[in-house]
2 protein chains.
Amino acid sequence: MRATQVPYFTEKEDPKDAIVTSHRLLTRAGFIRKQAAGLYVFLPFAQRVLRKIEAIIREEMDAAGGVEVQMPVITPAELWEQSGRYSIMGPEMMRMRDRHDAPFVLGPTHEESVTWLAQTVLKSYKQLPLTFYQIGTKYRDEIRPRYGLIRCREFVMKDAYSFHMDRNSLNEVYEKMRIAYRNIFSRCGLDTIPVEADSGNMGGSGSEEFMVASEIGEETLLLCSDSACGYRSNQEKTPFVPSIAYGSGEDGEAERVITPNVRTVEEVAAFLKTDVRNFIKTVILENEEEIVVAFLPGDREASVVKIKNAAKSGDLDMASPEAIEAITGAAPGFAGPHLLRTPPPQENPQKIKFQQAKAIAASEGIRYAEKKLFFLYDVNLKNRSGLVSGGNQTDTHFVHLKEGRDFVMLPENTADLVAASEGDLCPKCGKPLHATKGIEVGHIFKLGKKYSEAMKVEVLGEDGRPHVPEMGTYGIGVGRTMATAVEQNYDSHGIIWPVAITPFEYVLISLAKKGDEIAKVDDLYEQMKAAGKDVYYDDRNERPGVKFMDAELAGFPWIVIAGKSYFENGILEFKERRTGEKSEISKDALLTR
Amino acid sequence: MRATQVPYFTEKEDPKDAIVTSHRLLTRAGFIRKQAAGLYVFLPFAQRVLRKIEAIIREEMDAAGGVEVQMPVITPAELWEQSGRYSIMGPEMMRMRDRHDAPFVLGPTHEESVTWLAQTVLKSYKQLPLTFYQIGTKYRDEIRPRYGLIRCREFVMKDAYSFHMDRNSLNEVYEKMRIAYRNIFSRCGLDTIPVEADSGNMGGSGSEEFMVASEIGEETLLLCSDSACGYRSNQEKTPFVPSIAYGSGEDGEAERVITPNVRTVEEVAAFLKTDVRNFIKTVILENEEEIVVAFLPGDREASVVKIKNAAKSGDLDMASPEAIEAITGAAPGFAGPHLLRTPPPQENPQKIKFQQAKAIAASEGIRYAEKKLFFLYDVNLKNRSGLVSGGNQTDTHFVHLKEGRDFVMLPENTADLVAASEGDLCPKCGKPLHATKGIEVGHIFKLGKKYSEAMKVEVLGEDGRPHVPEMGTYGIGVGRTMATAVEQNYDSHGIIWPVAITPFEYVLISLAKKGDEIAKVDDLYEQMKAAGKDVYYDDRNERPGVKFMDAELAGFPWIVIAGKSYFENGILEFKERRTGEKSEISKDALLTR
């Protein structure tokens with residue numbers, strides 16, 4: 001294409017809200033324009049990149065046995081009610097109503113829709129395994145859209161969903177997808193870190209995220225410092241292995257001490273002259289249905305995801321002061337496992353497992369009385385004594401607590417609740433972990449029967465009986481892939497596109513001034529096209545400097561300059577964008593390159 | 001692809017709500033599934049058809065100089081307020097609000113969005129002419145979605161918008177688009193009727209619709225009965241040329257007669273023993289801002305589009321009884337041009353042009369008093385006498401009305417207001433017109449400066465001064481193209497795809513039973529693929545009858561059957577779907593076909 005036909009839409013100034021490189025360079029180089037917060041126009045260059053990424057995705061998905069479909073972007077709320085997500089999904093889910101006031105969702109993802117489809121079209125085991133995929137627009141009403149294409153409100157995704165008669169078949173297709181995803185990102189020139197990810201209550205190796213290391217990443221990744229080990233995991237999922245084992249503190253009878261004006265673990269530890277590692281930190285979380293009380297070592301942060309999974313709960317927020325008061329009888333900051341107003345079940349022989357317990361506060365008529373109450377202990381509190389915790393009475397703490405005496409940990413309510421972090425040990429090889437931030441560009445996930453059961457999908461098996469299929473779900477952020485490719489490939493002059501996804505592989509810069517020179521470069525352009533070259537022809541009437549700058553900003557991998565030496569001797573200048581290496585090349589060599 | 005990998009999703013029963021062939025066959029043959037009213041899933045076969053249509057569109061749009069972009073599907077309401085369409089567009093426009101309660105539109109079209117884009121990226125005349133196009137999802141909240149893909153709520157469209165320094169450039173690109181559109185539809189195997197269409201206040205040949213003849217069409221087309229003439233027009237746009245000229249009735253002084261219990265033109269004409277052709281029909285229309293009173297021959301229907309254009313109004317509905325009463329002083333059904341309560345401006349020398357007139361009813365305090373009031377006369381009432389109209393007093397009519405005496409037609413308020421119909425004369429050659437119903441699959445339109453002015457786009461001209469660009473808009477219903485292709489190509493067995501847009505060109509039906517037979521057909525399939533054949537391999541373990549039926553229902557153009565004669569003598573059966581013609585073919589002949 002010619003620049004006089006498909007113009008550069010370069011900008012001289014960085015966008016004011018650009019914090020990250022991809023946002024800045026994609027705007028400056030004329031790939032994208034922000035229409036409103038989190039809503040971007042893709043200009044012709046970006047459109048070409050997107051289409052190349054999509055083509056790679058299609059090839060790999062087809063090779064992995066996927067079949068392409070297109071599901072409506074807006075989905076009836078009814079489907080989301082069937083799965084239970086209509087109420088669970090928060091304000092990030094965009095909603096609307098049609099002229100008849102019927103509610104719809106602007107799909108952030110299509111599990112409900114595809115499960116409905118499966119229910120409609122799947123009849124026999126002969127059709128399975130089957131993987132539907134689509135490439136299309138998704139919505140997420142980010143409270144603070146930013147970073148350009150990395151966190152926007154309307155974005156292009158490839159989503160895929162597989163259906164299986166049994167777990168083995170799911171495992172097989174999941175493995176195919178793992179390979180397809182590796183191929184896709186590597187073909188796009190993207191350096192991704194596949195990490196084990198939280199799979200909720202699925203357990204096992206049921207989830208893998210493809211992350212791009214980045215300071216602006218929302219996720220923390222923990223990588224084994226020994227590359228031979230290769231362990232890589234999302235922090236949410238990483239088992240906590242302390243680098244120094246926890247011991248016990250000073251022994252003695254449990255004793256209440258007055259601790260006025262000190263609340264945080266650090267303040268209390270300092271006041272009581274105790275090591276924070278001997279402290280029991282209490283974290284109280286809640287949602288509409290449940291309250292979860294978690295105890296963990298005082299020197300560490302809780303992993304909300306681990307707590308949620310251990311309690312088999314939905315999303316959890318920090319509990320309100322009222323809830324804390326109802327459970328502990330004290331102001332926030334003074335909770336602990338000993339002598340709770342609502343004792344943990346193990347101190348009440350009839351209640352030895354997680355179960356629905358009514359808070360004592362029921363008699364006071366507050367709403368928490370009706371919520372389920374769970375108690376959880378971090379495994380690193382087991383068998384320890386000389387511990388300190390809140391006193392369940394404002395401005396007091398207990399000292400000399402002993403597990404098994406003052407609080408009792410049972411297998412059913414003991415779990416790993418600590419967020420692992422830099423310097424903890426690799427759960428695979430025991431070497432230290434290294435932390436880095438990452439952006440998720442892909443995610444594969446074994447769903448099991450969560451949706452197929454909720455939405456009552458049944459497929460006739462070879463045994464003549466109805467079976468509920470197993471499901472997998474597999475997503476790629478297409479726009480994000482484009483943006484992170486820029487995050488990984490640029491220099492002070494602009495973008496440096498990986499060849500496979502560049503808008504054009506070559507830019508032909510004409511320095512022609514006179515009619516016969518113009519004709520010569522026009523002719524070269526036609527010959528390059530005829531030779532199958534993917535070329536952008538800068539035939540503008542602009543100064544050479546402008547043309548060089550625009551070409552480098554836009555990031556075409558190979559720059560071909562037809563100047564004086566071409567008009568005189570047929571020799572072109574050739575520059576490789578990535579290395580900056582310049583050479584001379586004849587027309588024939590270029591055409592057969 | 002193999003049927004064991006990409007299954008048929010055929011259905012045994014017609015969908016209950018299917019009225020039209022394409023809806024019925026596309027569902028039965030497993031191309032689409034309805035998820036909710038007007039929302040369809042495109043299954044793999046449909047996806048392949050869509051992608052082939054899109055590829056054709058892209059090729060032709062690129063060849064016509066278009067550049068592909070992608071604009072957000074949801075657009076800020078602010079843009080629609082700038083163009084004035086946010087309030088004009090009715091409940092067919094889907095709207096939503098984000099988490100901050102900011103209003104958005106689910107784009108039914110993108111004039112506002114692309115004009116915003118132009119404002120953002122266009123700077124110099126050097127960039128023009130420029131045609132942006134995109135292929136994507138559009139929304140229209142049809143009150144009664146039906147006919148499958150023909151009238152749905154979420155649909156795929158190609159929309160394009162061109163920008164120009166002057167009218168000549170717009171005309172040139174418009175002509176390129178006319179050709180591109182003819183190419184696109186003919187390449188898709190679709191027989192379209194390009195018709196002149198209403199272009200609102202643009203005048204001239206500023207709009208062309210590409211129609212597919214169909215009984216379920218929403219539009220009426222008028223075609224010259226002389227194919228050599230070739231005049232074809234949307235009824236809305238067709239000038240009315242009566243086959244019998246209008247004359248005058250009985251002469252005399254205007255006289256009021258009592259006409260109890262008769263209201264319609266036909267009833268009054270019968271009662272007064274007058275020809276309905278001598279009757280003046282009064283049509284009163286209104287919108288939020290205006291009331292338009294139109295007078296036309298009693299034997300014809302008004303064209304609301306013509307009235308709207310003549311009055312330069314927005315959309316108009318039938319006026320309320322209150323508005324009619326305010327203007328005429330009579331109940332509905334007794335309006336006429338003579339002695340109106342609110343006299344037409346020409347009877348009041350200060351008001352000889354369309355202008356803001358206050359209804360007399362202002363004194364009664366009703367809201368119509370504040371609306372603009374326009375009077376319009378159909379050109380076929382000019383110079384006539386002996387006419388009959390309502391008496392502007394309930395249960396009365398006037399007889400012996402004479403134009404120029406009892407009502408005065410001026411050039412400024414005289415226009416063609418009649419809806420032309422079957423049997424009227426061709427405005428080009430004078431031969432009778434033939435009427436047919438049509439579905440619109442494409443529309444090209446010269447927009448002028450409507451949006452670029454409203455949204456303040458300015459481009460620096462060669463003269464160094466800012467210019468407001470001319471615009472054109474060009475749309476194709478992609479899903480509709482697919483559906484109408486089926487409407488035009490089917491038989492009692494199912495769909496017959498035009499080769500260019502078929503999901504697969506060949507279906508290879510295997511009748512293999514034993515291992516070595518299966519291996520032979522597998523091998524043939526691989527060879528067909530290697531030879532570049534677009535082939536669907538029915539390798540299912542199903543009865544031959546089921547395979548033949550599914551192949552014909554799905555509509556693949558060429559059916560290849562590998563049966564006994566192939567296993568024994570290497571001879572395949574070959575069937576052309578459209579003709580039903582069967583022949584024998586060797587493997588080599590097939591591969592080089």
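Naming: A, B, ... by sequence-line order, numbering from 1 per chain.
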Report summary line: Okay, B/Q134 and chain A: the region with an atom under 4.5 Å from a heavy atom over there is neither
Query - Short side-chain donor-acceptor distance under 3.5 Å, A/T75 and B/Q35 - result: no
Report task. Please examine the side chains of B/V67 and A/L43, heavy atoms only from C-beta on, and report whether any two atoms are closer than 4.5 Å. Result -> no
Report summary line: Rounded to the nearest 0.5 Å, the CE atom of A/M96 sits from the OH atom of B/Y139 at a distance of 8.5 Å
Report summary line: Applying a strict 4.5 Å limit to non-hydrogen atoms, the region of A/L79 in contact with chain B is side chain
Report task. Output the distance between atom CD (B/E154) and atom CE (A/M71), rounded to the nearest 0.5 Å. Result -> 11.5 Å
Query raised in the report: Does B/Q47 reach the side chain of A/Y133, with side-chain heavy atoms less than 4.5 Å apart?
Result: no
Query - Segment of B/Q119 engaging chain A (4.5 angstrom heavy-atom cut-off) - result: neither
Report summary line: Looking only at B/A3, B/P91, B/P76, the option with the highest number of non-hydrogen pairs under 4.5 Å against chain A is B/P91
Requested in this report: With a 4.5 angstrom heavy-atom cut-off, could you sort out which part of A/R540 is near chain B: side chain, backbone, both or neither?
Outcome: neither
Requested in this report: For each of A/P44, A/C152, A/P7, tally heavy-atom pairs with chain B at distances under 4.5 Å, and name the one with the top tally.
Outcome: A/P44
Query raised in the report: Quick one: of B/V73, B/L117, B/V156, B/V6, who has the most non-hydrogen atom pairs under 4.5 Å with chain A?
Result: B/V73
Query raised in the report: Based on non-hydrogen pairs under 4.5 Å, which of B/L50, B/L39, B/D62 is most in contact with chain A?
Result: B/L39
**Report entry** Non-hydrogen atoms of B/V121 and A/R33 that approach each other most closely
**Finding:** CG1-NE, 3.8 Å
Query - Contact origin within B/R48 toward chain A - heavy atom pairs under 4.5 Å - result: neither
Query raised in the report: What's the spacing between B/L106 CG and A/D98 CG if we round to 0.5 Å?
Result: 11.5 Å
Report task. Report the option among A/R51, A/E142, A/K123, A/H100 that has the most heavy-atom pairs separated by less than 4.5 Å from atoms of chain B. Result -> A/R51
Query raised in the report: Between B/R97, B/M1, B/Q127, which has the largest tally of heavy atom pairs under 4.5 Å with chain A?
Result: B/Q127
Report summary line: Here the gap from A/E68 atom CD to B/F42 atom CZ, rounded to the nearest 0.5 Å, amounts to 12.0 Å
Requested in this report: Nearest 0.5 Å please: distance from the OG1 atom of B/T4 over to the CG atom of A/L130.
Outcome: 11.0 Å
Query raised in the report: Closest approach of A/E11 and B/T120, non-hydrogen atoms and distance?
Result: OE2-O, 4.2 Å
Requested in this report: Using non-hydrogen atoms and a 4.5 Å limit, figure out which bit of A/T131 sits close to chain B: side chain, backbone, both or neither.
Outcome: neither
Query raised in the report: So what's closer than 4.5 Å to chain B heavy atoms on A/F45: side chain, backbone, both or neither?
Result: neither
Report task. Return the option, out of A/E78, A/Q5, A/R58, A/E92, with the maximum number of heavy-atom pairs under 4.5 Å with chain B. Result -> A/R58
Requested in this report: For atom NZ of B/K456, decide whether the heavy atoms of other residues, nucleotides or ligands shown that lie under 6.0 angstrom number more than 12.
Outcome: no
Query raised in the report: Is it the backbone or the side chain of A/R2 that comes under 4.5 Å from a heavy atom of chain B, or both, or neither?
Result: neither
**Report entry** Residue pair B/N541, A/K126: steps toward the side-chain contact (heavy atoms from CB on, under 4.5 Å) verdict
**Finding:** CA-CA 9 Å; B/N541 182 17; A/K126 293 180 189 171; 5.9 Å; no
Requested in this report: Please answer whether the main-chain N or O of B/V41 pairs with a side-chain N or O of A/Q70 as donor and acceptor at a distance below 3.5 Å.
Outcome: no
Query raised in the report: chain A: which of B/G66, B/A36, B/G65, B/A102 shares the most heavy-atom pairs with it under 4.5 Å?
Result: B/G65
Query raised in the report: Donor-acceptor pair, B/D141 side chain versus A/R99 backbone, under 3.5 Å?
Result: yes
Report task. Tell me, for B/F9 versus chain A, whether the close heavy atoms (under 4.5 Å) come from the side chain, the backbone, both or neither. Result -> side chain
